[in-house]
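Input: a single structure, listed below in structure tokens.
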Amino acid sequence: MKVAVFSTKAYDQQFLEAANSSYNHELIFFEARLSFSTAILAAEFPAICVFVNDLLDARTLEILAFGGTRFIILRCAGFNNVDLVAAAKLGMKVVRVPAYSPYGVAEHAVGLILSLNRKIHHAYNRVRESNFSLSGLLGFNLHGRTVGIIGTGKVGLILGQIMKGFGCHILAYDVFVNAELEKIGGKYVELSELFAQSDIISLHCPLTPETHHLINAESIAQMKTRVMLINTSRGSLIDTQAVIDGLKSHKIGFLGVDVYEQESQLFFEDLSGEIIQDDVFQHLRTFPNVLITGHQAFFTEEALFNIAETTCANIADCEQGRSCANEIK
Ligand code: NAD
């Protein structure tokens, strides 16, 4: 099937072309991000393939449908960027890659925890400048600390397993209990208890109307002083301004984020020669106890391989009119 692939980077093309060698779809790669103004590029393509920051709102979907697009192929798990109601009204089928790197994402969350705690990002710069002083680099043992995990699906469970290995106590909150987490000693509690008891809080739930700004002034007030907050899930789980206030008042001791509310204006692009216009982001990155990565938690060889394989299989299911296990209904 002929597919317009949006937001293409060289690595996407490399892995998709390799996977496609056994499918022979006609993949046409566009660097442009999909939005209202670029949707015209997909005219007469029955399918489009998109990633996390492509915007599939109702008016974009209408242009796509008008141009003959019937299949939305997400090469990611999250689908908060798609207006599913509008897609259904337009008779479009939406498929995704439900899991591609839960280990990669959980391991990246651990990387943020370790780096923030032991200040490895500061140590790296100091040693390069022959500054071997330890002042300001004091960390704490993870052993014996309490880690609160919000969202205990694939990534949250793996994070729990890894942190259990460090000797941490695991508290959890989810709308469903994951028996696997309980098996390793994870204890499900109310959100308020998780906020009050955790030394480290890590977010692994999807972005939905219920979880939007889950971390806000009120929830931060319930947390321990010097709490470490980790977000590798979706930026809008956090009210960024409330977190900045929490950092300024020293309530939040550490912040590690791989995602950011307004990341679609920034992430995945080399803006090193540009003036960044987002003052909130600029403020956030001035804090010495904040570590930001640009939505790279998923970015492992295994993930790109899995994304490409599942995407090509999903396209084949759509083309041949088969039911697809990865369809979002
Ligand atoms: P998953 O679907 O396996 O798990 C999500 C869990 O969140 C489920 O157990 C679900 O019950 C729970 N949940 C849903 N609503 C909730 C609520 N209101 N409160 C608490 N828990 C709730 O997903 P996953 O594969 O573990 O991924 C988790 C998130 O990680 C995804 O939603 C996605 O946004 C994000 N993600 C980020 C990257 C990255 O590169 N940074 C990569 C992949 C996924």
Side-chain angles (χ1 to χ4, degrees), residues 7 9 11-12 50-54 74-82 84 96-113 148-163 170-182 186-195 198 201-216 219 229-238 255-261 263-264 266-268 291-308 310-311 325-326 328-329:
S7 296
K9 300 290 181 200
Y11 46 82
D12 296 312
V50 292
F51 198 50
V52 290
N53 286 328
D54 291 293
L74 301 177
R75 53 180 194 278
C76 54
F79 46 86
N80 50 284
N81 53 336
V82 186
L84 292 176
R96 65 174 182 143
V97 183
Y100 43 92
S101 65
Y103 286 97
V105 178
E107 288 167 13
H108 191 80
V110 176
L112 292 174
I113 293 169
I149 301 176
I150 301 180
T152 56
K154 292 176 284 296
V155 177
L157 171 65
I158 295 166
L159 181 73
Q161 291 166 334
I162 297 173
M163 298 316 288
I170 310 296
L171 294 182
Y173 176 79
D174 197 307
V175 287
F176 298 108
V177 167
N178 186 336
E180 291 297 308
L181 191 73
E182 286 188 318
K187 184 180 166 207
Y188 281 87
V189 293
E190 290 301 318
L191 254 189
S192 54
E193 188 178 344
L194 185 147
F195 288 144
S198 301
I201 297 174
S202 198
L203 307 179
H204 300 287
C205 54
L207 175 62
T208 64
E210 294 75 42
T211 60
H212 181 262
H213 285 188
L214 181 74
I215 304 302
N216 54 38
S219 50
L229 200 55
I230 303 292
N231 186 10
T232 59
S233 215
R234 284 292 180 267
S236 295
L237 295 177
I238 287 184
L255 175 72
V257 293
D258 185 52
V259 286
Y260 167 63
E261 274 192 287
E263 69 175 50
S264 62
L266 301 167
F267 289 0
F268 305 126
L291 185 49
I292 306 173
T293 52
H295 208 137
Q296 70 171 85
F298 76 99
F299 198 55
T300 63
E301 292 169 12
E302 292 81 356
L304 292 190
F305 177 85
N306 291 336
I307 287 172
T310 307
T311 296
N326 299 324
I328 309 167
K329 301 237 182 184

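Since we're looking at a predicted model, the values are computed, not measured. Start at 1 and go down the list; that is how both ligands and their atoms are numbered. Sequential numbering from 1 along the given sequence is applied to the chain's residues.
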Just by distance, no angles: are the side chains of Glu190 and Ser192 close enough, under 3.5 Å, to form a donor-acceptor pair?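 Checked: Glu190/Ser192 side chains show no N/O donor-acceptor pair below 3.5 Å.
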Quick one: look up the protein heavy atom nearest [atom] and list residue, atom name and how far away it is.
atom	value
atom 19 (N) of ligand 1	Tyr173 CE2, 3.6 Å
atom 37 (C) of ligand 1	Thr232 O, 3.1 Å
atom 22 (C) of ligand 1	Cys205 CB, 3.6 Å
atom 17 (C) of ligand 1	Thr211 CG2, 3.6 Å
atom 42 (C) of ligand 1	Val105 CG2, 3.4 Å
atom 14 (C) of ligand 1	Pro206 CD, 3.4 Å
atom 11 (O) of ligand 1	Asp174 OD1, 2.6 Å
atom 2 (O) of ligand 1	Lys154 NZ, 3.9 Å

Parallel under 30°, tilted from 30 to 60°, perpendicular over 60°: which one fits the rings of His295 and Phe268?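 Rings of His295 and Phe268: tilted, 30 to 60°.
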Can a non-hydrogen atom of [X] be found less than 4.0 Å from any atom of ligand 1?
X	result
Thr208	no
Ser233	yes
Gly78	no

For the 3.5 Å polar cut-off, considering only N or O atoms, please tell me whether [X] and ligand 1 meet it.
X	result
Phe298	yes
Gln296	no
Val155	yes
Asp258	yes
Val259	no

Subset of ligand 1 atoms that lie under 4.0 Å from at least one heavy atom of [X]:
X	answer
Phe176	11 (O)
Tyr100	42 (C), 43 (C)
Ala297	39 (C), 40 (O), 41 (N)
His295	39 (C), 40 (O), 41 (N)

Would you say [X]'s side chain and [Y]'s backbone share a donor-acceptor pair under 3.5 angstrom?
X	Y	result
Asn326	Thr311	no
Ser264	Asn53	no
Tyr11	Glu301	no
Arg96	Cys76	no
Asp174	Val177	no

Passing candidate, side chain to side chain contact (heavy atoms under 4.5 Å, CB included) with Ser101, options Val155, Leu304, Asn306, Thr300: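 With Ser101 as partner, side chain to side chain contact (heavy atoms under 4.5 Å, CB included) holds for just one option, Thr300.
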Would you give the length of the straight line joining atom CG of Asp258 to atom CZ of Phe298, rounded to the nearest 0.5 angstrom?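 One finds 8.5 Å between CG of Asp258 and CZ of Phe298.
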Residue part near ligand 1, for [X], under 4.0 Å between non-hydrogen atoms:
X	value
Ala77	neither
His108	neither
Asn80	neither
Phe299	neither

Show, in sequence, the C-alpha distance, side-chain angles and deciding distance for Leu237 and Leu207, and conclude whether the side chain to side chain contact (heavy atoms under 4.5 Å, CB included) test is met. CA-CA 6 Å; Leu237 295 177; Leu207 175 62; 4.1 Å; yes
Does atom 44 (C) of ligand 1 have any protein heavy atom closer than 4.0 Å?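 No, because not a single protein heavy atom sits under 4.0 Å from atom 44 (C) of ligand 1.
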